[in-house]
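Nothing here was measured: the structure is a model prediction, and the numbers come from that model. Numbers restart at 1 for each chain; the letters A, B, ... are given by sequence-line order, proteins then strands.
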Amino acid sequence: MKPVTDKLSQHRQFDCELLILGAGPAGLSAAAAASAAGISIILADENAQPGGQIWRGGAAQWRDPRTQPLWQTVQSAANLHCLWQARLVYIERQLALFETPQGPLTVRWNKLLIATGARELLLPFPGWTLPGVMGAGGLQALIKAGMPVRGKRIVVAGSGPLLLAAAMTAKAAGADVLCIAEHQSWSKLAGFLSGLVWTAPKKAWQALVLRWQLRHSPYLSDSRVIAAHGQQALASLTLQQGQQQRQVSCDILACGFGLLPNLEIARQLGCATEAWQGFLRGMVDQQQRSSQPDIWLAGEACGIGGVEQALVQGCIAGLAASGQSQAALSPDLQDQRRAALAFAELLARYFKPDQRLRQLCQPDTLVCRCEDVSKQQLQAFQDWRSAKLQTRLGMGPCQGRFCASACQVLFDWPPADLRPPVFPAKVSTLCALAAEPAPPMSSQTQVADKD
Amino acid sequence: MSECSDTESAEDEFSITINGQPVRVRGRISVVAALMQANQLVCRQSVTGEARFAVCGMGVCHECRVRINQQPQQLACQTWCEPGMAIVTAEAAL
């Protein structure tokens with residue numbers, strides 16, 4: 001057995017002026033913009049390749065024309081160092097600790113740019129834990145990482161434009177997309193589309209093209225999966241359309257109810273967030289500055305808004321964080337920023353999860369998948385914290401990332417904060433902190449009043 | 001042209017094992033992808049013994065935990081297959 005010191009000797013230490021967390025569209029855009037200032041920059045991502053979720057698959061698979069110029073700039077900048085497969089487990093003022101396959105890694109930073117993107121909102125319903133039931137974005141991500149779906153019968157369900165994108169990825173990979181079951185009503189969808197024509201006509205066109213490409217897969221409004229059935233894996237599901245129910249045999253159910261920003265790191269550092277359309281978003285000014293000095297937020301952290309928002313906010317944040325404030329405030333960028341925000345507002349307004357989605361969850365349906373805690377076990381409690389302490393809800397590896405959001409919809413429980421380490425971490429990784437000098441008193445985190 | 005792609009696919013094929021059984025894998029795919037390819041729709045057992053498989057595809061939900069090369073609790077959705085990799089699934093929860 002190797003002694004612990006072997007792992008510690010693999011502890012890599014870095015220093016930089018600006019640390020950017022996340023190499024999706026926002027992080028890449030930020031890195032490219034910031035690199036012009038010549039300061040030392042580290043761009044870290046837990047994946048092996050850049051692109052985040054929207055541009056998953058690595059440079060070789062990218063088809064979006066916006067990717068290459070950004071990636072060229074990032075790759076060729078001598079003052080920019082990329083860290084891949086680096087999962088952040090702990091962060092404090094001026095020090096970040098990552099776990100990597102090669103061992104622990106610490107980064108000393110002066111400025112921080114958080115571009116950690118979003119995850120899906122998954123809501124419980126009977127049978128949702130069966131193998132073969134996954135998120136809609138989850139299906140997309142898994143297919144892009146090579147999961148074979150050729151010939152498989154797939155139902156896409158839940159709510160939001162992501163369902164169409166996921167269905168298209170599945171279809172392009174040879175799957176038989178049986179139908180797309182959208183929770184919202186036809187009038188809501190029509191409202192969203194006309195709003196889109198107004199605020200983002202190109203997106204409206206994209207939506208219509210997508211719908212056309214998926215014309216062989218019925219797109220059902222006011223529809224939802226009320227139960228998934230199977231022994232060891234998914235075999236069929238009960239689909240409700242309006243007042244009617246029917247059974248559908250299928251191999252995969254891709255079900256998701258929209259996206260939520262990954263705000264754990266921002267909140268740990270005391271960045272102010274605000275309630276927005278039932279969930280939280282990070283509060284930033286026009287230069288993407290958070291409420292904490294030397295910390296910027298960009299992209300989904302500021303409210304779900306997709307790739308255009310990520311690109312413009314990443315660019316503005318990168319310019320601002322590297323001292324190029326004048327460029328950050330340029331009218332052109334600020335116009336794009338406003339346009340992206342308008343789209344985000346539209347998304348939130350039309351696809352906000354409603355009360356009816358609570359009813360999908362039955363008393364014996366599991367709410368916390370990590371610790372197998374059912375709804376009836378939770379009904380005795382008034383808030384997240386007491387439920388967590390009594391049932392282990394949220395104490396598993398996902399640290400409440402999925403069940404806490406589900407509990408917000410099910411019980412109106414306010415969001416809960418994570419405690420470090422923010423992801424499961426090896427003891428040897430945490431030991432790396434011992435090798436770092438303690439931060440001086442003056443740089444301790446100030447907790448924002450607004451919280 | 002088709003001859004070229006045949007050569008390419010033969011070159012980037014390799015073997016892994018899933019629960020001791022050899023599986024041929026081609027190209028750069030995740031461990032979840034290999035499990036689906038081998039029709040093994042189970043990654044782990046939940047704390048009450050339910051079979052679980054990948055859900056979020058992005059390393060957050062931790063449902064796709066498998067043992068890889070003797071190391072437990074590895075996220076199959078974020079790990080790429082490599083020649084000789086030994087994957088063990090459906091282990092009882094810790």
Side-chain angles (χ1 to χ4, degrees), chain A residues 46-49 52-53 56-58 60 85 87 101 117-120 122 128-149 152 230-234 251-252 254-256 262 366 368-374 392 396-399 401-402 423-424 426, chain B residues 8 12-14 16 23-66 68-82 85 89-90 92-94:
Chain A
E46 63 185 31
N47 291 293
Q49 293 161 315
Q53 306 314 320
R56 184 173 275 278
Q85 292 191 296
R87 165 161 281 197
R119 60 178 182 274
E120 272 190 287
L122 301 179
W128 75 304
T129 56
L130 279 169
V133 180
M134 49 196 73
L139 174 70
Q140 207 178 25
L142 291 166
I143 291 175
K144 288 183 182 182
M147 189 171 78
V149 292
K152 293 218 191 290
Q231 292 298 319
Q232 291 299 307
L234 177 71
D251 304 305
I252 293 176
C255 184
N262 291 324
L366 295 184
C368 169
R369 301 176 65 121
C370 295
E371 297 290 330
D372 287 14
V373 183
S374 67
R392 289 194 59 83
C398 97
Q399 289 288 285
R401 281 176 175 80
F402 285 105
F423 268 117
K426 294 186 183 137
Chain B
E8 274 167 349
D12 63 12
E13 250 195 36
F14 53 90
I16 62 172
V23 173
R24 292 294 285 171
V25 162
R26 187 186 326 145
R28 189 179 164 80
I29 67 170
S30 70
V31 171
V32 170
L35 290 174
M36 175 72 81
Q37 183 194 302
N39 226 17
Q40 296 273 306
L41 251 74
V42 58
C43 290
R44 72 179 194 103
Q45 273 190 48
S46 78
V47 296
T48 58
E50 287 185 359
R52 296 286 174 84
F53 192 68
V55 175
C56 79
M58 57 170 76
V60 179
C61 73
H62 285 69
E63 290 283 50
C64 66
R65 284 172 283 158
V66 293
I68 297 177
N69 296 340
Q70 262 127 66
Q71 186 84 309
Q73 308 293 314
Q74 302 300 291
L75 299 180
C77 73
Q78 286 196 322
T79 310
W80 300 100
C81 291
E82 280 169 14
M85 185 176 264
T89 68
L94 289 179

**Asked** Taking all non-hydrogen atoms of both residues, which atom of B:Gly57 and which atom of A:Ala141 are closest, and how far apart?
**Response** O-CB, 3.5 Å
**Item:** Polar side-chain atom of A:Arg56 near backbone of B:Met58 as donor-acceptor pair, under 3.5 Å
**Value:** no
**Item:** Smallest separation among heavy atoms of B:Ser46 and A:Asp372, with atom names
**Value:** OG-OD2, 2.6 Å
**Request:** If a pair satisfies ring pair (Phe, Tyr, Trp, His ring centres under 6.0 Å) and one of its residues is in residues 42-64 of chain B, list it, with sequence neighbours excluded.
**Result:** A:Phe423-B:His62
**Request:** Specify which of A:Pro424, A:Ala233, A:Gly52 makes the most heavy-atom pairs with chain B at under 4.5 Å.
**Result:** A:Pro424
**Message:** Out of A:Ala145, A:Cys398, A:Gly135, return the one with the most heavy atom pairs under 4.5 angstrom to chain B.
**Reply:** A:Ala145
**Request:** Side chain from CB out, backbone as N, CA, C, O: work out which of these in A:Gln49 comes under 4.5 Å of a heavy atom of chain B, or both, or neither.
**Result:** side chain
**Item:** Residue part contacting chain B, namely of A:Leu366, when any heavy atom lies under 4.5 Å
**Value:** side chain
**Between CG on residue A:Leu142 and SG on residue B:Cys56, distance to nearest 0.5 Å** = 8.0 Å
**Request:** Using the test salt bridge (Lys or Arg N to Asp or Glu O under 4.0 Å), find all partners of A:Arg369 that sit at least two apart in sequence or belong to another chain.
**Result:** B:Glu63
**Asked** Are B:Leu41 and A:Gln232 side-chain neighbours, meaning at least one heavy-atom pair lies under 4.5 Å?
**Response** no
**Message:** Apply side chain to side chain contact (heavy atoms under 4.5 Å, CB included) to residues B:Met36 and A:Ile252 and explain how you reach the verdict.
**Reply:** CA-CA 11 Å; B:Met36 175 72 81; A:Ile252 293 176; 3.9 Å; yes
**From CG (B:Leu35) to CE (A:Met147), nearest 0.5 Å** = 11.0 Å
**Request:** Would you check if B:Val32 and A:Met134 make a side-chain contact, meaning some heavy-atom pair closer than 4.5 Å?
**Result:** no
**Complete:** Highest number of heavy-atom pairs under 4.5 Å with chain A among B:Val42, B:Ile29, B:Val60 belongs to B:Val60
**Fill in**
Per-residue tally against chain B (heavy atom, under 4.5 Å) across A:Pro131, A:Ala136, A:Gly256 peaks at A:Pro131
**Asked** Side chain, backbone, both or neither: which part of B:Gln37 has an atom under 4.5 Å from a heavy atom of chain A?
**Response** both
**Min side-chain heavy-atom separation B:Arg65-A:Pro397 under 4.5 Å** = yes
**Message:** Looking at chain B, which one of A:Gln140, A:Arg87, A:Glu120, A:Glu46 has the largest number of heavy-atom pairs inside 4.5 Å, strictly under?
**Reply:** A:Arg87
**Request:** Under 4.5 Å heavy-atom distance to chain B, tell me which part of A:Leu234 shows up: side chain, backbone, both or neither.
**Result:** neither
**Asked** With a 4.5 angstrom heavy-atom cut-off, which part of A:Lys152 approaches chain B: side chain, backbone, both or neither?
**Response** side chain
**Message:** Does any backbone or side-chain atom of A:Asn47 lie under 4.5 Å from a heavy atom of chain B? Answer side chain, backbone, both or neither.
**Reply:** side chain
